[in-house]
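Worksheet: one structure, shown below.
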Amino acid sequence: RTGDVLGRHRGVWYHTVGQRKGIGKVLNPKATSHGPWYVVAKDPEHDIVYASNEYDEEVFTESRSDFYVEDVQWIAGSPPNELIDDNGDFRRGQFHMKIRHGPRIVKGSLHLTEPTAGNVKLDS
């Protein structure tokens, strides 16, 4: 909310929204005393990791339920036919999916933008 620079990181790909452990080492010492800090959002285009010391479940839920994915791995080797219309354009489909290393299978929709990337919106 303040826009203050709290520290310097070595790449947004090293941080996950909701992450708490491990971000203290990239924060300025004065900032760490006001923690614990959580990663609440990322802006890879501008190389910014947003952190907050106010745990707000709504912030985490929003950023974790609507996101872009890359390098989608299809068990069958290619996207399901239901995601591609007769013109070869991509469309939205409902799926059960596993997100990264999380323990659960979740329901949501995927709208491909290319065969291995697209926008995910998880069901509530």
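Both backbone and side-chain heavy atoms feed into the values below; hydrogens, waters and symmetry mates do not. Residue numbers count from 1 along this sequence.
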Taking [X] for the side chain and [Y] for the main chain, is one N or O donor matched with an acceptor at less than 3.5 Å?
X	Y	result
Trp74	Pro115	yes
Arg92	Ser109	no
Glu70	Tyr68	no

[X] side chain near [Y] side chain, heavy-atom distance below 4.5 Å:
X	Y	result
Leu110	Asn119	no
Tyr50	Val39	no
Val120	Met97	yes

Inset, instruction - Quick one: pull up CG in Asp66 and CG in Leu122 and give me the separation to the nearest 0.5 Å. - result: 8.5 Å
Shortest non-hydrogen contact from [X] to [Y]?
X	Y	result
Gln94	Glu82	O-OE2, 4.2 Å
Pro79	Ile84	CB-CD1, 4.4 Å
Asp85	Arg91	CB-NH1, 3.6 Å

Legend entry - Other residues, nucleotides, ligands: >12 heavy atoms within 6.0 Å of Glu114 CD: yes
Inset, instruction - Output all residues satisfying side-chain hydrogen bond (donor to acceptor under 3.5 Å, both in side chains) with His46, sequence neighbours left out; order by chain, then residue number. - result: Asp43
Inset, instruction - Could you tell me which residues satisfy side-chain hydrogen bond (donor to acceptor under 3.5 Å, both in side chains) with Asp89, sequence neighbours excluded, listed by chain and number? - result: none
Legend entry - Candidate pair Phe95 and Leu83, rule side-chain contact (heavy atoms from CB on, under 4.5 Å), full reasoning: CA-CA 11 Å; Phe95 293 95; Leu83 289 181; 3.7 Å; yes
